[in-house]
Structures are given as structure tokens and as C-alpha cells.
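None of these values were measured; they are calculated from a predicted model.
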Amino acid sequence: MNKTCSLSFLLLLLFHHLTAAKAAIGVSIGTGGVGVGVGIGVGNGGGSDNAVNSPGPSESSSVPKHDTAYTALQAWKSAITDDPLKILDTWVGPDVCSYKGVFCSNNPQDATATSTVAGIDLNHANLQGTIVKELSLLSDMTLLHLNSNRFTGTLPDTFKDLVSLEELDLSNNQFSGPFPTVTLYMPNLIYLDLRFNSFSGTLPEQLFNNNLDAIFLNNNQFGGEIPQSLGNSQASVINLANNKLSGNMPISFGIIGSNSKLREILFLNNKITGCIPQGLGIFTEMQVLDLSFNSLMGHLPDTISCLQDIEVLNLAHNKLSGELSDVICSLRSLVNLTVAYNFFSGFSQQCSRLFNVGFDFSDNCIPGRDMQRPQPECSVIPGGSLSCLRIPTPKPIACISLAASLNSMHTDHSSPSP
């Protein structure tokens with residue numbers, strides 16, 4: 001993984017030579033959604049891509065830029081209270097491109113200018129401290145990777161000035177407070193990783209309206225309902241697992257934006273209730289869907305049959321009921337179907353083909369099968385009177401026309417009355 005990310009960073013620096021200063025990075029987050037922004041570690045030192053180690057007399061035009069970076073990094077250094085790996089021992093003198101974890105790049109539009117700070121990667125540095133507002137002076141920075149440290153507090157409002165930032169990885173730290181809304185005002189941000197912190201409060205509606213390709217918010221303390229704008233997200237991977245999110249899944253999910261890019265979405269271990277939205281079937285390229293450890297009820301929508309690329313479908317530890325039909329178990333790419341600890345009453349013969357691959361149906365209410373719930377637990381099905389909003393669908397479902405039908409339904413329901 002480190003080699004891959006190192007290569008990604010080197011390609012990024014080369015990219016800055018070949019394109020305009022504000023061109024997109026051009027990264028591509030893989031189907032797993034974890035390959036980008038993980039970082040390259042602190043390495044053996046920083047440096048610019050043209051190996052500039054000490055500015056000479058001909059580089060006087062770049063002195064103000066380096067002075068600004070020097071001011072920012074020294075201010076941050078003074079706010080770091082523990083550096084067990086002695087990384088900051090290299091943060092001495094005006095040549096910021098020689099600082100360990102700091103990476104520089106030239107401006108391709110100005111051959112006379114020397115390098116500017118293009119990225120900071122201090123992943124796994126085990127630093128303790130806070131984030132200072134002076135870092136917002138690094139307006140050319142495109143990557144900030146701080147995975148696996150001990151930073152506390154939150155992000156300064158001045159971070160909105162990081163107009164070139166494309167990847168922000170703050171995962172596995174000790175940040176707290178509400179969602180850092182300043183991240184919503186970074187115009188080029190495409191990768192946001194806040195997982196494994198102590199952020200709390202509700203998620204802002206604008207989060208899923210921004211042009212983010214990867215959203216990792218898992219393992220925090222976020223609560224409240226999932227914003228209705230979830231259906232607008234253009235991300236390829238969204239991870240909301242292990243929070244305290246509650247309420248129903250947004251009915252707009254899979255309808256408003258009809259995002260065909262979504263490959264992975266994880267809701268596991270929250271407090272989500274109600275039905276699984278019928279619009280879920282629009283995500284025809286989805287490969288991983290995890291709704292486990294919630295309180296979802298009702299029957300599965302037949303539109304799940306449109307998820308022909310789904311490989312992992314985890315519905316365990318909910319209160320779902322009904323029968324698992326052929327349309328679920330005949331999904332062509334499915335290799336792992338987990339429905340344990342629900343109230344399903346049966347499954348079709350087609351589901352038997354999954355026994356040798358991955359099919360966990362334990363602790364349900366399926367007659368004649370081992371490892372099922374005691375009969376008294378199956379006498380009253382949770383949510384038995386729940387009416388899930390469904391529109392009639394032809395059999396077999398025409399997945400191509402599904403999006404149009406659901407969008408039409410949403411428009412009809414959201415139009416104001418005359």
C-alpha cells in the first residue's frame with residue numbers, strides 16, 4: 001500500500017509539471033475506495049521534485065513564498081507538544097522543502113520560480129498537538145495527510161483558504177467537536193477522511209451536494225438523521241459506519257441524483273430504522289452494501305435485483321422479514337450474502353447455490369432449518385404493520401427504466417399542491 005501511495009504522490013508532482021497549476025490531480029479511487037489518500041508515510045525526508053536543497057542567489061524571486069511557508073510550518077511546529085519519532089528535528093531553517101514529510105513542486109507556468117509546498121504527509125508520525133490557522137497560508141498545497149497521530153481540537157476556519165487542497169486525511173486522531181464545516185468550502189476537495197475521531201453532532205446537508213469522490217466518516221459520534229441530500233452525492237465510496245445516526249434512510253437515496261458512480265456504501269452499526277428505499281436499485285455498479293446492525297424493517301425491495309455488480313450484501317442484525325426471493329439470490333456477482341439475525345421466513349431454491357460461497361441465514365424464522373430463532377420470537381414480526389413506500393414494478397424489473405419511474409414518483413410527491 002505504501003509503495004502504491006508513494007507512486008501516486010510522485011505522479012502527482014510530475015503532473016504539476018505537465019498541467020496548469022490548478023489542474024485536477026486525476027486520481028482514481030478504486031472500487032474499494034481506500035486506495036487514495038492513505039498516504040506515503042513520513043519517509044526519509046522531504047524535498048522538491050527538482051532536488052533543490054538550498055536556495056541560491058538566482059532564486060531570490062521565490063523567497064517570499066518560502067518565507068510564508070516557513071512562517072506557517074514553524075507556527076505549527078510550536079503547537080506540537082510531542083514528537084516521539086523526532087520528525088520535526090528536520091524542520092530547521094528556511095529551506096522548507098528539506099523538512100521531513102513536506103513535499104514541494106514547481107509552478108509549471110513560471111520557470112523562474114522555485115518550488116512551493118505541494119503536500120504534507122505525516123501519516124503514522126504519532127505527533128501530538130493541534131492544527132494552527134497559519135497552515136492556511138499554504139494555498140498551493142494539494143494534499144494534507146495526517147493519518148494516525150494524536151491531534152486534538154478541530155480545523156481552523158481559515159482552512160477555507162486552502163483552495164488547491166484535493167485530499168484531506170485526518171483519520172485516526174483525537175479531533176472532536178461538530179463536523180468541520182470549513183471542509184465544505186474547499187473548492188477542489190475530492191477526498192475527505194475523518195474516520196476514527198470523536199466528531200459529533202449532525203451531518204450538514206451540504207456535505208452530499210459537494211463534488212467529493214470519497215467520504216469517510218465512520219467511527220465517530222455523529223448523530224441525528226442522515227441528510228436528504230444523500231441522494232445527490234457523486235461519491236464512489238461513502239462510509240458512515242459506527243456512528244449514532246438515526247431515523248429513516250432518506251427516500252431520496254437513489255432517486256434524486258441517480259449516481260451511477262457509487263461502488264461502496266456502509267451504514268453498519270447505527271440506529272437507522274424504517275424501510276430500505278426502493279431507489280437503492282438504481283446503483284447498478286455498486287459492489288459493497290452494508291446495512292447491518294441497524295433496526296431496518298419490512299420486506300426487501302425487488303429493485304435489489306438491479307444490483308448486478310454487487311459482491312457483498314450484508315443485511316444482518318436488523319428486523320427485516322418476508323422471503324428471500326430468486327431476484328436476490330440470483331445476483332450474478334454476489335459472493336457473500338449475510339442476512340443473519342433478522343425475521344426472514346424462507347428463501348428460494350436459488351439461494352442454495354450460495355452455500356458454498358457465503359450465505360449466512362442463521363437466527364431467522366425459517367422452518368426446517370438449523371440455527372433459527374425460537375418459535376416464540378417469530379410469533380410477532382417487528383414492523384409487521386409497517387407500510388414501505390413502493391411503486392409497482394414489472395416482472396422482471398426493467399432496470400434501465402427504473403430510474404425514470406422513481407424520479408417521476410419523487411417529483412410527483414415533492415411538487416407543491418395547486
Side-chain angles (χ1 to χ4, degrees), residues 1 5 29-39 123-124 144-152 154-155 167-181 183-184 189-208 210 212-227 229-231 233-247 249-250 253 259 261-273 276 280 283 286-296 310-318 336 338:
M1 177 67 75
C5 294
I29 298 177
T31 58
V34 234
V36 123
V38 174
N123 283 355
H124 304 281
L144 180 57
H145 293 170
L146 302 178
N147 181 331
S148 301
N149 286 281
R150 290 174 287 150
F151 289 112
T152 59
T154 189
L155 296 183
E167 294 186 21
L168 179 60
D169 184 354
L170 304 179
S171 61
N172 198 22
N173 278 280
Q174 299 169 18
F175 291 108
S176 59
F179 182 93
T181 54
T183 59
L184 304 178
L189 193 67
I190 59 174
Y191 180 96
L192 178 62
D193 193 344
L194 303 179
R195 55 188 158 175
F196 291 97
N197 280 287
S198 297
F199 290 113
S200 58
T202 58
L203 299 178
E205 194 79 21
Q206 185 60 33
L207 171 63
F208 299 111
N210 280 17
L212 291 165
D213 189 55
I215 303 172
F216 293 101
L217 304 181
N218 52 291
N219 296 83
N220 279 280
Q221 301 293 321
F222 290 119
E225 296 188 358
I226 301 172
S229 59
L230 178 65
S233 178
Q234 295 302 303
S236 62
V237 55
I238 300 174
N239 194 337
L240 304 177
N242 300 314
N243 280 286
K244 298 179 179 179
L245 299 169
S246 59
M249 292 181 67
F253 183 51
N259 173 16
K261 292 171 53 180
L262 191 61
R263 303 293 189 273
E264 289 188 18
I265 188 161
L266 294 89
F267 297 96
L268 69 103
N269 197 25
N270 280 282
K271 301 177 180 179
I272 304 171
T273 59
I276 296 176
L280 186 66
F283 301 110
M286 187 182 295
Q287 296 177 332
V288 177
L289 172 62
D290 195 331
L291 296 168
S292 62
F293 289 92
N294 283 286
S295 296
L296 295 166
I310 196 78
E311 298 175 3
V312 177
L313 178 59
N314 193 343
L315 306 172
H317 290 270
N318 279 284
N336 190 297
T338 305

### Message
Counting C-beta onward and ignoring hydrogens, is there a side-chain heavy-atom pair between Tyr191 and Leu189 closer than 4.5 Å?
### Response
no
### Message
What I'd like to find out is whether the side chain of Leu296 reaches to under 4.5 Å of the side chain of Thr273, using heavy atoms alone.
### Response
no
### Validation row: Phe151, Leu146 side chains within 4.5 angstrom (heavy atoms)
yes
### Query
Donor-acceptor pair, Asn219 side chain versus Arg195 backbone, under 3.5 Å?
no
### Query
What are the two closest heavy atoms between Asn318 and Ser295, and how far apart are they?
OD1-N, 3.3 Å
### Query
Are a donor atom and an acceptor atom from the side chains of Asn242 and Asn269 found within less than 3.5 Å of each other?
yes
### Message
Counting C-beta onward and ignoring hydrogens, is there a side-chain heavy-atom pair between Leu203 and Phe179 closer than 4.5 Å?
### Response
yes
### Message
My understanding is that only one of Asp290, Val288, Leu289 makes a side-chain contact (heavy atoms from CB on, under 4.5 Å) with Ile265; could you say which?
### Response
Leu289
### Message
Is any side-chain heavy atom of Pro180 closer than 4.5 Å to one of Phe199?
### Response
yes
### Query
Quick one: which of Leu192, Ile238, Val237 gives a side-chain contact (heavy atoms from CB on, under 4.5 Å) with Phe216?
Val237
### Query
Quick one: does Asn314's side chain have a donor or acceptor within less than 3.5 Å of a partner on Ser292's backbone?
no
### Query
Will you find, in the side chains of Asn173 and Ser171, an N or O donor that is under 3.5 Å from an N or O acceptor?
no
### Query
Any chance the rings of Phe208 and Phe253 have centres within less than 6.0 Å?
no
### Query
Which heavy-atom pair separates Leu217 from Leu240 by the least distance, and what is that distance?
CD1-CD2, 3.9 Å
### Query
Do Leu194 and Phe175 have side chains that get closer than 4.5 Å, going by heavy atoms?
no
### Query
Is it true that a side-chain atom of Asn147 and a backbone atom of His145 form a donor plus acceptor pair closer than 3.5 Å?
no
### Message
Between Gln221 and Lys244, is there a side-chain donor-acceptor contact under 3.5 Å, judged purely by atom types and distance?
### Response
yes
### Note, Pro204 side chain near Leu184 side chain (heavy atom, < 4.5 Å)
yes
### Task
State, yes or no, whether a side-chain contact exists between Leu313 and Asn336 at a heavy-atom distance under 4.5 Å.
no
### Task
Specify whether His317 and Phe293 have parallel, tilted or perpendicular ring planes, treating 30° as the upper limit for parallel and 60° as the lower limit for perpendicular.
parallel
### Query
Within the distance-only criterion (no hydrogens, no angle test), does the side chain of Glu205 pair as donor or acceptor with the backbone N or O of Ser229 below 3.5 angstrom?
yes
#### Entry: Under 3.5 Å donor-acceptor, Lys261 side chain and Gln234 backbone
yes
### Task
For residues Asn294 and Leu268, report the shortest heavy-atom separation together with the two atoms involved.
ND2-CA, 4.0 Å
